[in-house]
Amino acid sequence: MAEGLLTGRRLAPVLLEKPCCTDGADDAPTQAGAARVVLVGNPNVGKSTLFNALTGARQHVGNWPGKTVSVARGTWRRPGEADVGVVDLPGTYSLVPDSPDEELTRELLVDAAPGERPDLVVVALDASNLTRNLYLTAQLADTGIPTVVALTMVDVARSRGLDLDTGALADALGVPVVPVVPRSGQGIDELAVVVGRALSAPTPVTPAALGSDLEDAVSAVSAALVAAGPDDPAARWRALALLEGGGDGPDEAVAVARRRAADLLADEAGGDEAGADEARADEAGADEAGADEDAADEVELRVAEARYAWAHDVLGEVVTRRGSRTTWSDRVDRVLTSRWFGLPIFLAVMWGVFEATTTVAAPLQDAVQGLFDGPVSDGFGWVLGVVSAPEWLSGLVQDGLVSGVGQLLSFAPLMAIMFVLLAVLEDSGYMARAAFVVDRLMRVIGLPGKAFLPIIVGFGCNVPALAGTRILRNPRQRLLLGLLIPFVSCSARLTVYVLLAGIFFGDQAGTMVFLMYVLSIVLVVGMGWVLRRVAFRDLADDPLLLELPPYRRPTLRVMGVQTWQKLRAFLRTASGIIVATVTAVWLLSSIPMPGAAAAPSEPASFGHVAPAESVFGGVSRAVAPVFAPAGFDDWHASAALVTGFVAKEAVVATTAQTYSAEEPSDVHQAGALGTALHATFERTSGGHTVAAVLAFMIFLLAYTPCMTTVAAQRAEIGTRATLAGIAMQLLVAWVLAVAVFQVGVLLT
Amino acid sequence: MSVLRRVEADRARRRRLAELGFVPGATIEVLGRGGVGGLVLAVNADTRVAVDAAGARELRVQEATRG
């Protein structure tokens, strides 16, 4: 853990004052001086739904400054009372950080300077799963931050035969407890009143009693801390952290903690087998540091045990259990996670996701694209005509900007579908089951089972697949998956395979296309293997451990708000790259090379230039020799690849243009274009046509899919990783193409 | 139904398990079996957790009387 590197002491002041965020928007201004409330809770307890019920549309989502952690912030308008700024922290099982998500929570609640701490924590407690939820509450209590409990899932608990005494829970915890049903807004008004009261008379949760041995040790260390420094509301937390061997503090306190931890270990050992172990360790000459570590280790385990013991005690006072423990959710799981039905059902669901992101999305995408290519472009043309704008301006606006914006927006329906699907799968609880079912399979590339979904979607389109990498909570895994997705052969690449395979491989065309898909999978697995050994050695191969939340109906409103926000963030990030690239390519193909002629009789001018004579043609010609070792040193081929960087859908059209041939209406009947391509590849490959075409197809498979993918990648994994990814794609593509061609030349 | 006695894992992993309720004394019930040795467990009655074969091996349990 990068402790000390990112301690909250430096970050926290910025964090709570100002709504920040990467998407740049600031639609939820909370006036300065407003109370700051932080929402904390386990994953899957309805915390996001609660957040939405509190803030409505007055919220926005974005990365915490300097972090990859996405956080929602908003303003809570309470009837008749002052607004409150609310931060919805990522769901967490504990305040001991193991991931950046949890680190952020810890920084905010424990490490923040006194003036920067949140005024109040609202902890969402799942009534149907109280023991585990109380474990987090016990940790919160030690931070000394004033708390109000929002009790969720009371209905689920009741349906499972659990009766809860809210009053008894409030007594046990020493803080107000408000049952809420965020979905219907029930209890929200009462929560507002209780929060208002708690803000004026703040009380922290009564600390969980850990038993006399541990409590003695905690008191001793706390006393040493208090003696050494200023009053700290989180003194109990720090004392426990020191006993567990974590955190830093004044030397005296650290010394007291070490001694007390060793004492605790000795008490525990008491001559039993652990004592014998220790004796052996002593004989082996284990150094003092090792013994300290063992003691700290042991203390941590005992603290965890003691917190659970406390949680069980509270549960005993609060909950009455009647009837069977098996829920309908368990019965559904017997089928969905079973050895025989688990995988087939999973594959059926994935098929559905794939269909939704391809077959269902395609007509919507075409409609948007059509709207921009037709009416919108014509409209601009008409306006520009009326003001008699120069021809170059009309070209720039119509063929550059409008078509670029059109292409960007054509992805909007697809992305919306993807975000809704993700939300449905995640919120319903199925995603966790799917992750369990395919976990073994995905381990091959060092990623958890959930990574399967984005990869499947990638075969349709890489852009929503990249958005789908968000289902992984670990940012390192997300980065690895984000770098692998472009190697998944999307449907746009298929059109080019089909054209080339049809021209060059005749009857074998189908086999060749299939081979490209096999190769794509080999690339994903192979690159996953390589990257894990080169750049991702830190990704531990821990055994699977996954909570299966109860199945639930997703909340439409939350889904709507979240989809809209993600979509907006995508469009904002992607728009720059896409419009710039489309405009640049348009410019390049409109500017004639010096000395070029449009026709033998007239010199070429801006906008009147054959592809071969434009700067675009010039650039392609300059790039072409790079591909000599791969057997396709020809400007037609490199021009196709340059266009392919913008969008693979455009490759066939560009190829036709560069040969001044008709774009074949049916790619199976390539006609004149086929003849021209044949001639080109035969010439450049020195007669090894098949090898050169294969090399070209493989390059096309492996290099950067399109600029929208680049934009989406940038949105998910950042600019630097995206650039590194592009370099990797080009390198892998080139090396593979050269290898295939050279081997092909040797064999034929 | 079984009772967890020990967790055989390193500290970070043990902490992860503890967060979900796997501490000595916790009750564990196997609710279902998936492919390749995976298990669906009920921990402390209310939490449902999936583990794979390797994860299951980390949990040392003692058979408790049914009831």
Donor-acceptor contacts, no H, no angles, side chain residues 337-345 of chain A, under 3.5 Å, sequence neighbours left out:
| unit_1 | atom_1 | unit_2 | atom_2 | d |
| --- | --- | --- | --- | --- |
| A:Thr337 | OG1 | A:Asp333 | O | 2.6 |
| A:Ser338 | OG | A:Val335 | O | 3.2 |
| A:Ser338 | OG | A:Phe341 | N | 3.0 |

- Do the side chains of A:Leu545 and B:Val51 get nearer than 4.5 Å, heavy atoms only? yes

- Query: Between A:Arg321 and B:Asp46, is any pair of side-chain heavy atoms under 4.5 Å apart?
  - Reply: yes

- Item | Contact winner vs chain A - B:Ala50, B:Ala42, B:Ala54, heavy-atom pairs under 4.5 Å | B:Ala50

- Message: Looking at chain A, which one of B:Thr47, B:Val23, B:Val7 has the largest number of heavy-atom pairs inside 4.5 Å, strictly under?
- Response: B:Thr47

Nearest atoms (heavy-atom pairs only) where [X] meets [Y]:
X	Y	result
B:Leu20	A:Glu547	CD2-CB, 4.2 Å
B:Gly55	A:Pro543	N-CB, 3.4 Å
A:Phe436	B:Val40	CE2-CG2, 4.0 Å

- Message: If I measure from the heavy atoms of chain B, does A:Ala296 come under 4.5 Å with its side chain, its backbone, both, or neither?
- Response: both

Quick check on [X] against chain A: is it the side chain, the backbone, both or neither that has a heavy atom closer than 4.5 Å?
X	result
B:Arg33	both
B:Leu59	neither
B:Leu17	both
B:Arg13	side chain

- Sequence neighbours left out, what passes ring pair (Phe, Tyr, Trp, His ring centres under 6.0 Å) with A:Phe346? Give chain and number order. A:Phe452

- Note on the structure: Expected contact set for residues 306-315 of chain A against chain B at heavy-atom separation under 4.5 Å reads A:Tyr308, A:His312

- Message: Within a 6.0 Å radius of atom CZ on B:Arg60, are there more than 12 heavy atoms belonging to other residues, nucleotides or ligands?
- Response: yes

- Message: For A:Arg440, is the CZ atom crowded, meaning more than 12 foreign heavy atoms sit under 6.0 Å from it?
- Response: no

- Query: With respect to chain B, which residue among A:Asp126, A:Thr92, A:Thr131, A:Leu301 yields the maximal number of heavy-atom pairs within a distance under 4.5 Å?
  - Reply: A:Leu301

Distance-only donor-acceptor hits, side chain of residues 441-451 of chain A, under 3.5 Å, sequence neighbours excluded:
| unit_1 | atom_1 | unit_2 | atom_2 | d |
| --- | --- | --- | --- | --- |
| A:Arg443 | NE | A:Asp439 | OD2 | 3.0 |
| A:Arg443 | NH1 | A:Asp541 | OD1 | 3.1 |
| A:Arg443 | NH1 | A:Asp542 | O | 2.7 |
| A:Arg443 | NH2 | A:Asp439 | OD2 | 3.1 |
| A:Arg443 | NH2 | A:Asp542 | O | 3.1 |

- For the pair B:Val43 and A:Arg132, evaluate side-chain contact (heavy atoms from CB on, under 4.5 Å) and give the outcome as yes or no after the intermediate values. CA-CA 9 Å; B:Val43 189; A:Arg132 201 195 62 216; over 6 Å; no

- Spell out, as yes or no, whether a donor-acceptor pair under 3.5 Å connects the side chain of B:Arg15 to the backbone of A:Glu300. no

- Tell me, with the steps shown, if B:Glu19 and A:Gln139 meet side-chain contact (heavy atoms from CB on, under 4.5 Å). CA-CA 11 Å; B:Glu19 286 167 7; A:Gln139 295 189 331; 6.0 Å; no

- Query: Do B:Arg48 and A:Asp330 sit within salt-bridge range, that is, some charged N less than 4.0 Å from a carboxylate O?
  - Reply: yes

